[in-house]
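Numbers restart at 1 for each chain; the letters A, B, ... are given by sequence-line order, proteins then strands. These numbers were taken from a predicted model, which means no experiment stands behind them.
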Amino acid sequence: MKNEICELIYNREIAKSTFEMAFRSENMAAAALPGQFVHLKVNEGLYPLLRRPISIHRIDKSSGVVAIIYHIMGQGTEELSKKQSGYIDVMGPLGNGFPIIEGKKCAVVGGGIGTAPLLEVAKNLSDCDAYLGFRNCTYKVEEFEKSCNKVYVTTEDGSVGYKGYITEQLEKYISEYDIVYTCGPKVMMKKVVDICASNNVECYISIEERMGCGIGACLVCACKIKEENGDWHYKKACKDGPVFNAKEVLFDA
Amino acid sequence: MKNEICELIYNREIAKSTFEMAFRSENMAAAALPGQFVHLKVNEGLYPLLRRPISIHRIDKSSGVVAIIYHIMGQGTEELSKKQSGYIDVMGPLGNGFPIIEGKKCAVVGGGIGTAPLLEVAKNLSDCDAYLGFRNCTYKVEEFEKSCNKVYVTTEDGSVGYKGYITEQLEKYISEYDIVYTCGPKVMMKKVVDICASNNVECYISIEERMGCGIGACLVCACKIKEENGDWHYKKACKDGPVFNAKEVLFDA
Amino acid sequence: MLNLEVNIGGLRLKNPVMTASGTYGFGKEYSEYYDLSQLGAVVVKGLTLKPREGNKAPRIAETPAGMLNSVGLQNPGVEAFLEHELPFLRKYNTPVIANIAGNTVEEYCQMAEKLGSQVDAIELNISCPNVKEGGVAFGTKCDSVYNITKNVKQFCKVPLIVKLSPNVTDIVEIALSAEEAGADSLSLINTLLGMAIDINSRKPILANVVGGLSGPAVKPVAVRMVYQVAKAVNIPIIGMGGISSWQDAVEFILAGADAVAVGTYNFVNPAAPIEIIEGIKKYMDKNCYKNLSDFKGKIQAC
Amino acid sequence: MLNLEVNIGGLRLKNPVMTASGTYGFGKEYSEYYDLSQLGAVVVKGLTLKPREGNKAPRIAETPAGMLNSVGLQNPGVEAFLEHELPFLRKYNTPVIANIAGNTVEEYCQMAEKLGSQVDAIELNISCPNVKEGGVAFGTKCDSVYNITKNVKQFCKVPLIVKLSPNVTDIVEIALSAEEAGADSLSLINTLLGMAIDINSRKPILANVVGGLSGPAVKPVAVRMVYQVAKAVNIPIIGMGGISSWQDAVEFILAGADAVAVGTYNFVNPAAPIEIIEGIKKYMDKNCYKNLSDFKGKIQAC
Ligand SMILES: Cc1cc2nc3c(=O)[nH]c(=O)nc-3n(C[C@H](O)[C@H](O)[C@H](O)COP(=O)(O)OP(=O)(O)OC[C@H]3O[C@@H](n4cnc5c(N)ncnc54)[C@H](O)[C@@H]3O)c2cc1C
Ligand SMILES: Cc1cc2nc3c(=O)[nH]c(=O)nc-3n(C[C@H](O)[C@H](O)[C@H](O)COP(=O)(O)OP(=O)(O)OC[C@H]3O[C@@H](n4cnc5c(N)ncnc54)[C@H](O)[C@@H]3O)c2cc1C
Ligand SMILES: Cc1cc2nc3c(=O)[nH]c(=O)nc-3n(C[C@H](O)[C@H](O)[C@H](O)COP(=O)(O)O)c2cc1C
Ligand SMILES: Cc1cc2nc3c(=O)[nH]c(=O)nc-3n(C[C@H](O)[C@H](O)[C@H](O)COP(=O)(O)O)c2cc1C
Ligand code: FES
Ligand code: FES
């Protein structure tokens, strides 16, 4: 494995402060699994110093292209958004990815930027619905429509789709599903996990922890994982995750 | 006074690792004197942290444009060279500038990038020759030819003009001059100062010291200045200089 | 109505933003960029009893997100300050704080005496890493911090601020010694001792070999020290070290600082102190804080 | 012929570039990026006698040109290390250095005993700012540094490296205490104690409130300490703190380091240690140096 200096294909704003970036890497496109992430150096130089982890949104194996979607949160993502052309230093694909389990009725449940990694999950499942929650502006809904049976959209202000939270929609139809895949804000994921638990639906969640190395060497990305015997210990979000079975995750941290 | 966010007009390589940059500022162009400098923020963000001092090369009062020439030395000038368009944060004009004394026979003597601030001196003098020393590639010689009587050029490898050091040329004709203005590497300036002293020619030199604030507040840019009574004390290169009468400067530091 | 006023051990400031000693000369230069009356206070360049030339150049080196300086207290001496520099600052409606450094306790006392009540407060610099004779030596041992503070306090007619060095094992015990000895306020941090080498010339970049590290790089150390000291003492704290934005200033206030000072960043953005005052106002407005005390030290440690 | 070999208190390295403890796990992750046999040595994550879970997340905060961490010595314990982690590293032709931390002097001794000569050297971590029980407390007083070094040395069958904390008033006296007590080598610096606050949530970013500052921001402090200690002691020094390029590594060697370690920058550029080895070679070639000793400590202080 290596970090690769990849050619930037595009980097454009697809919604307010939300960007889609695509870069070329035959190797990464060939190896990437849904739910894995890349670790990006947002610019040259020492500021910001650390890489930023961003989930893989789209994998085009035929053309060797990987795309990501990111929201401007601070200095790192801001710098990233300024890049117009040239090359970008990428480590990846990293992490474990979502387990793609066939022959089941599935749903992907995403909130905001957390919808990004779910597109590849949906594409790889033959029987999948999508639940996409946004604050006000939506993006990539049409992509999900291509790969899913049904797509439910909510916005907090009701400007698109249903008004309210996406978990309210999920709650209505939860009994239809065998497996739920989710990614989004912590509060949303907790709710999704609860809904699944109450309905005995298997649930996989993608966890966001602040990261250093991104590959398992520094131990800063600790998340509490339950053991069979009720004990817990810290696992690495970057290497053991970011995807975990919801049953294992202790949310208290 | 204020630091000004100035529109970049161009920023182009005029010789190997040497760039000319022009930006628009009515105020600076109106106020600037030959030999003054600007203090530039080379990019946004904290790396590099400090501004970089660069001499004013050309002042176009009618169009409100100021130009500088800089050589890539390290991180700061490297970053500066990457700027293609947009705006640049400039403090200036700063420092005292060369005293323009009319009715005298003058010479400007520059070495490498030290030729840059001398063009405006030459333009403002009615009777001036130019001595321009370069390592191998020359630039802006034709500009000096427009404003000077005679222009002597040397390169260390003899590729353009005379082969050797510019001080060898100056030595030949020094007796012709009343005043010499010089800027360039320390070794060269020392030699020029010696030649002038031996020939009783008045000499003004522009000193390069590492700078912090650029305006006289931090005292990091100390240079030793002799007093009448033989004593010396530290003056500020940024505010009391960068130009000093060669008689005053103690080169030992 | 927003109220940014703060009382620093008897010294009343209209807002909590001051300039850090040694980065602001005697105010003249920055007065060309804005009206100094807007500032919470001006802290002037470190003064000594007699004029000092300071160290040889180069005196500055840039480091990642920081800088080293080895000015070495170049200054005209306390008398020339009173005669030639103070009158200019007095034209503005902002308190003037004199930063003083000496070779002996007696020198410090003499300076405090000479300054009398011509300045609004005195900041005791016992933490300058750039002078051999004294400076930092006074600031790294509890008993000497206690001793010098106690002595100077007797001669000090105005609030006495003790400026602490970060180059110590235990900042809290040093702070407590200063408090116990009668300091009216503490300021921290001074610079961290650092060094940089030019690998081509194989020489230290600073002629003085070592120098003081300042700028954003040191901010985490400064915030930690302010936090630790604020929990331990009952006198006001002036926080500094790497402040480059109003966000940084708020971070220090949340850590427990009553006021803040901007140093190195003046060189980058001459208007920084003013922009920081404006930013703090907006932050307070947005969060419905009326006074600084509404958020000072109010972090929720998990 | 270039010779990059160096002897660190009895431990022979093929080149002076190692990895810093805690930034490199047990080597497995980075072995996917290059052949670990190229390294001067691998220093593994800090070990404790019993397994430790470490601190709560968040454990990392980015700061200007640096980062704070509060991992808190999460590790599987010395026995699991020997059984499950060491065998992997042994497949490579590079020395393995175990970094150890304990709650008591006895624990340190027990660990040294258990490690025996299964590792090539032991690095005594008496400078971890992230554990309450011990760590840094051992490293900030001369007598306790002397005491722990002296005791562990008796149980240590391999070269003993003592890793110093930069959070002290006088690094030289600490270094001398370790040397006197029998340390074969010193490594410095560990992290500076720092803190960062999120001004929106008004919480410390680290769940542990304070953490260790590393990365380029601390380099000037590290270079200064290496320089001061190298002048004072007669044992080899492993320099670290903010190394991100071969130029930085050369800067440390010029300051007096016999070897260097790359920590935080591994996260940014996984190939950094290898590129640094190559860069040092080119630097030596260009300057016609045949051995590291041709430039080690050879700065011309003005
Ligand atoms: C496995 C993984 C996948 C991710 N995928 C995506 C994605 O597809 N799209 C996307 O926009 N973002 C994603 N993130 C979050 C993204 O990494 C952070 O938003 C980014 O690092 C913020 O950097 P910044 O410099 O812009 O902000 P900073 O200035 O560093 O921080 C701004 C805010 O972001 C939060 N933050 C910073 N770092 C992280 C982090 N590592 N995890 C969570 N919150 C953080 C902080 O709490 C802070 O409030 C992912 C994170 C992880 C761990
Ligand atoms: C009044 C004044 C006018 C100047 N005019 C020009 C000009 O017209 N064109 C031009 O190319 N350069 C000029 N310089 C020099 C220019 O400021 C430095 O080359 C620049 O700051 C280097 O920055 P850097 O980040 O690229 O290099 P750094 O990485 O900071 O340093 C690279 C090298 O440059 C040297 N250096 C760094 N800063 C200075 C400094 N302030 N003065 C002298 N040497 C320094 C260092 O010794 C080092 O070897 C001037 C300097 C001064 C003080
Ligand atoms: C060039 C320079 C000169 C300084 N001179 C003094 C001084 O004379 N007295 C003093 O107490 N502190 C002095 N300091 C320290 C600053 O006042 C301040 O404590 C330190 O720089 C940290 O703040 P900053 O990171 O905002 O610069 C100086 C700092 C710099 C950069
Ligand atoms: C995430 C992290 C974990 C660390 N863990 C340890 C440790 O277990 N033992 C130790 O002695 N030092 C530890 N350190 C300190 C490093 O080994 C090194 O001394 C310090 O980070 C300075 O080097 P750097 O700036 O190159 O990172 C750790 C540093 C980081 C960043
Ligand atoms: S980010 Fe380093 S172990 Fe996960
Ligand atoms: S650069 Fe600050 S006084 Fe000259």
Yes or no on salt bridge (charged side-chain N to carboxylate O under 4.0 Å, His left out) for D:Lys28 and D:Glu85, after CA distance, side-chain angles and deciding distance?
CA-CA 9 Å; D:Lys28 233 171 231 154; D:Glu85 307 291 350; 3.7 Å; yes

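Only the side chain of D:Ser244 comes within less than 4.5 Å of a heavy atom of chain A; its backbone N, CA, C and O stay farther away. Both the backbone and the side chain of A:Arg210 come within contact range of chain D, each with at least one heavy atom under 4.5 Å from a heavy atom of that chain. In this structure, chain A has a heavy atom under 4.5 Å from the side chain of D:Tyr265, while its backbone stays farther away.
A cation-pi arrangement, defined by a distance under 6.0 Å to the six-membered ring centre and an angle within 45 degrees of its axis, is absent between A:Arg52 and A:Tyr70.
Judged by distance alone, the side chain of A:His39 and the main-chain N or O of A:Gly212 form a donor-acceptor pair under 3.5 Å.
Taking CE of A:Met211 as the reference point, atom CG of A:Leu50 lies at 12.5 Å (rounded to 0.5 Å).
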